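All remarks here apply to the structure that follows.
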There are 2 protein chains.
Amino acid sequence: MKTTRLKDIAKNLGVSKTAVSRVLNNLPIRISKEKREAILNLAKSLEYRPNLIARGLRNKKTKCIGIIVPDMSTLFYPQLIRLIEKQLSLHGYRAIICDTENELSQERLYVEDLLARYADGMIVAPASGEGNISMFENLAKSLPIILMDRNFPGEKLNYVVTDNRLASRKAVRIIARKKPSHLFYLGEKKRNFAIDERLMGVREEASLKKIPFTGKDILLCDTTREDEREKSKQIFSRKVKNPAIFLESNRLLMGLLDIAYKRGLTIPEDFTVIGFDTFRPELATPSDFNSLKVINEPTPVVRQPVAEMAALVTEYMLSPGKRRKWRIKLKAQIEKQ
Amino acid sequence: MKTTRLKDIAKNLGVSKTAVSRVLNNLPIRISKEKREAILNLAKSLEYRPNLIARGLRNKKTKCIGIIVPDMSTLFYPQLIRLIEKQLSLHGYRAIICDTENELSQERLYVEDLLARYADGMIVAPASGEGNISMFENLAKSLPIILMDRNFPGEKLNYVVTDNRLASRKAVRIIARKKPSHLFYLGEKKRNFAIDERLMGVREEASLKKIPFTGKDILLCDTTREDEREKSKQIFSRKVKNPAIFLESNRLLMGLLDIAYKRGLTIPEDFTVIGFDTFRPELATPSDFNSLKVINEPTPVVRQPVAEMAALVTEYMLSPGKRRKWRIKLKAQIEKQ
DNA sequence: ATGAAAGCGCTAACAC
DNA sequence: GTGTTAGCGCTTTCAT
């Protein structure tokens, strides 16, 4: 199956490659109507398909955007990716997807490779840690880069994120209505600026609402189920009556519920919970069934504005005047009953 | 930020581009040790990064694989994509992701574009319908193509899928233990071969187990929540006592539970359910809370072997002797309490 | 052992 | 209006 090239059409019609190229690219160059149509027709009948690699080499534009995320196994990022990809594809861009597993080293490799492929830009939810900040800052000088979901301290890079601090404050305000005697914060050991802001918001609002909450009430776990469960145990072992538990991410929910179930504790009778929106895929499959029994009342959830985030990120990426500032914090909704 | 090219290194060292290329690509060409090292060093200090576009143009190999799926908003496909991408990236390949929204026309556009970009292969969970079969069959003659999750009737194309028929039969066998008086099948109007096989399996096993199940008991809905709920209503309106409901995909579960809740029906007291593994992301958020109360007992779930599927698909894609047959049906597990 | 030169398919500057 | 030509950065004969 030989592919047709510009040259073939040109030769076939006795015109120059240039002419063909100009017609096919709809350039505002006047050309005799007959030739134009002949070219168009032949291109169609020969099923001409421009070689995007050649074009890319020539133009230094590939119509490829790299999307870098820390974890595709959540619900949150695929959602984001899907919306972004759809928007990009409408404009002839393809998305190259890169799952860093939240590892800085992998992130660096992906970035390197995207550069080698001359991706036209990168949309990135960066891996936790500060190691790659300057890399991105340098990149941004020569390439459109926009952060999503997770930004960095400082304001050098463009981003679209949830206003995490505000969202957490709202969440604590909601949970405060239950008059908890104590607050616990269950999070991940691996930190990043965005989730630190969650913690900060919790601190602020807990203090405002006079809910007892100190450093000892912050439990950070390794990214393993065992440790998640272990830290959950530690919370309940404190024997605080009627505690509220803030989950930095709902990923942590199932482990917590499991432990609660084993101890015969229920929501809202014995404790309450609020968390950010991503949660375990396995949720509500038979294996988690018992844990679910712990919940006797809908638990509120911080729902991040995924659609807006995706839209704003792609808008930035596709808008010609990309260089302007684009630092956006979106408001989250607290979804409850 | 000028990027270094082969030429720069060559000129700088007074050697030829050829030499540099050969050293940097580790070709088995003998070259004096000093030159080799000089080249390697300079390349490193100049942060030489091969232009993959240029290389692609020359080699007609881009180290890009297209991954085409019908729906990224499920849990199933992102899982698959993530595992595949990780494997591909280990071998220097990047994944271009394409969400067709289960539309044949979009699928065609994506395929066209991937061809124009000289993707080295395509891994595809095809959109429902038979319209693009011959396109893929033709493609497969000149490009490694492998289907995943959904295959086509006939055996012209390579694939890795769940043995859907067998899985459904197993599922019905499980549900038969509950001695249902009747069986219903809740599925989607938009059909494809893979899910037709599910229906076929259900038919066979129902007949074997003598569970009443006829054409009228098959309800197929549009891909809208309203219609999903509508069809669920129709099932309960039949007033069959103790029915079993087979869900072609667990996407359909939440609508069903919602209707059941409103009618005061519960599992296992009033009906039973079994379904394939993907389910609504919203599951178990506050808005679905009431629906969840319908379930008083773990419902069995057909769990597809995602990891194996991903592994086998990439193995095919990356193995040099790709041309051999690769028609694999994997066994699913029924996961129950 | 090393290099010169051609060429992948396209676009754009510069003629005419 | 139309064509000629150069060149994007790389790999690969084919000489030497």
Side-chain angles (χ1 to χ4, degrees), chain A residues 1-40 42-43 46-64 92 112-113 115-120, chain B residues 1-40 42-43 46-64 92 112-113 115-120:
Chain A
M1 186 178 66
K2 196 94 180 49
T3 70
T4 8
R5 297 144 305 167
L6 274 190
K7 199 210 293 187
D8 303 321
I9 301 185
K11 206 179 286 177
N12 210 308
L13 254 40
V15 298
S16 71
K17 291 194 300 175
T18 318
V20 182
S21 169
R22 292 207 270 238
V23 169
L24 262 25
N25 286 318
N26 240 322
L27 291 193
I29 297 275
R30 295 188 306 164
I31 206 164
S32 73
K33 203 161 188 147
E34 310 85 61
K35 280 194 182 169
R36 155 167 264 112
E37 295 197 338
I39 291 173
L40 254 18
L42 191 57
L46 256 38
E47 294 181 313
Y48 172 71
R49 182 188 301 128
N51 181 328
L52 264 28
I53 301 300
R55 185 180 282 172
L57 178 58
R58 174 67 227 226
N59 293 345
K60 274 147 176 10
K61 291 253 162 285
T62 52
K63 293 266 182 183
C64 275
E112 272 298 313
D113 187 88
L115 288 175
R117 291 173 190 276
Y118 284 78
D120 292 343
Chain B
M1 185 179 69
K2 195 92 180 53
T3 69
T4 5
R5 299 146 304 169
L6 274 189
K7 200 210 290 188
D8 303 321
I9 301 184
K11 206 178 287 177
N12 208 309
L13 254 41
V15 299
S16 70
K17 291 193 302 175
T18 318
V20 181
S21 168
R22 293 206 269 239
V23 169
L24 262 25
N25 286 314
N26 239 322
L27 291 192
I29 296 274
R30 295 188 305 162
I31 207 163
S32 73
K33 202 162 191 146
E34 309 85 62
K35 281 195 182 172
R36 153 166 267 114
E37 295 195 340
I39 291 172
L40 255 17
L42 191 57
L46 256 38
E47 293 181 313
Y48 172 72
R49 181 188 302 128
N51 180 327
L52 265 26
I53 303 298
R55 185 181 281 173
L57 177 60
R58 172 69 227 226
N59 292 346
K60 277 150 171 10
K61 291 251 162 287
T62 53
K63 293 268 183 182
C64 273
E112 270 301 312
D113 187 87
L115 288 174
R117 289 173 191 276
Y118 284 79
D120 292 343

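Just so you know, these numbers use all the heavy atoms, side chains as well, and skip hydrogens, waters and symmetry mates. Keep in mind that this is a model prediction, so the values were computed, not measured. Below, chains carry the letters A, B, ... as their sequence lines are ordered, and counting in each starts from 1.
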B:N25 side chain near D:dT11 phosphate (N/O to OP1/OP2, under 4.0 Å): yes
Any A:K35 side-chain nitrogen or oxygen under 4.0 Å from OP1 or OP2 of D:dT2: yes
Sugar-phosphate only, base, or nothing, as touched by A:I31 at under 4.0 Å among non-hydrogen atoms: sugar-phosphate
Touch class at under 4.0 angstrom, heavy-atom based, for A:K17 against every strand present: base
B:I53 CD1 to C:dG9 P, straight-line distance once rounded to whole Å: 15 Å
A:I39 vs A:R22, side-chain contact (heavy atoms from CB on, under 4.5 Å): CA-CA, chis, key distance, verdict: CA-CA 10 Å; A:I39 291 173; A:R22 292 207 270 238; over 6 Å; no
From CA spacing to verdict: side-chain contact (heavy atoms from CB on, under 4.5 Å), A:L52, B:D113: CA-CA 9 Å; A:L52 264 28; B:D113 187 87; 4.0 Å; yes
Rounded interatomic separation in angstrom, taking NZ from A:K7 and P from C:dT11: 15 Å
Rounded interatomic separation in angstrom, taking CD from B:E34 and C1' from C:dT2: 14 Å
Check against side-chain contact (heavy atoms from CB on, under 4.5 Å), A:L24 and A:L6: CA-CA 9 Å; A:L24 262 25; A:L6 274 190; 4.0 Å; yes
Gap between atoms NZ and C1', on A:K33 and D:dT2 respectively (whole Å): 19 Å
Given C:dA4, C:dT11, C:dA12, the nucleotide with the shortest approach to the side chain of A:L27: C:dA12
Pairwise 5' ranking along DNA chain C for A:A54 and B:G14, keeping only the more 5' one: B:G14
Closest to side chain of A:S32, choosing from C:dG9, D:dG1, C:dT11: D:dG1
Under 4.0 angstrom between A:K60 side-chain N/O and D:dG9 OP1 or OP2: yes
A:L115 CG to B:R49 CZ distance, which is reported to the nearest 0.5 Å: 4.5 Å
Rounded distance (Å) that lies between atom C1' of C:dG9 and atom CG of B:N51: 14 Å
Sugar-phosphate, base or nothing in reach of A:Y48, heavy atoms under 4.0 Å: sugar-phosphate
No-H, no-angle donor-acceptor pair, A:R22 side chain to D:dG3 base, under 3.5 Å: yes
Inter-residue atom distance A:N26.CG - A:R36.CZ, 0.5 Å rounding: 6.5 Å
Nucleotide D:dT11, atom P - distance to CG of B:N59 in whole Å: 6 Å
Rounded distance (nearest 0.5 Å) linking atom CZ of B:R5 with atom CG of B:L46: 10.5 Å
Side chain of A:L6 (C-beta onward), nearest among C:dC10, D:dT11, D:dG3: C:dC10
hbond_proxy A:T18 side chain to C:dA12 base (donor-acceptor, 3.5 Å cutoff): yes
Per B:R58 side chain, nearest of listed nucleotides C:dA12, C:dC8, C:dG3: C:dC8
Closest listed nucleotide, where the reference is the side chain of B:R55 and the choices are D:dT11, C:dC8, C:dT11: D:dT11
Rounded distance (Å) that lies between atom C1' of C:dG3 and atom CD1 of B:I39: 12 Å
Distance in angstrom units between B:R36 CZ and C:dG3 P, rounded: 14 Å
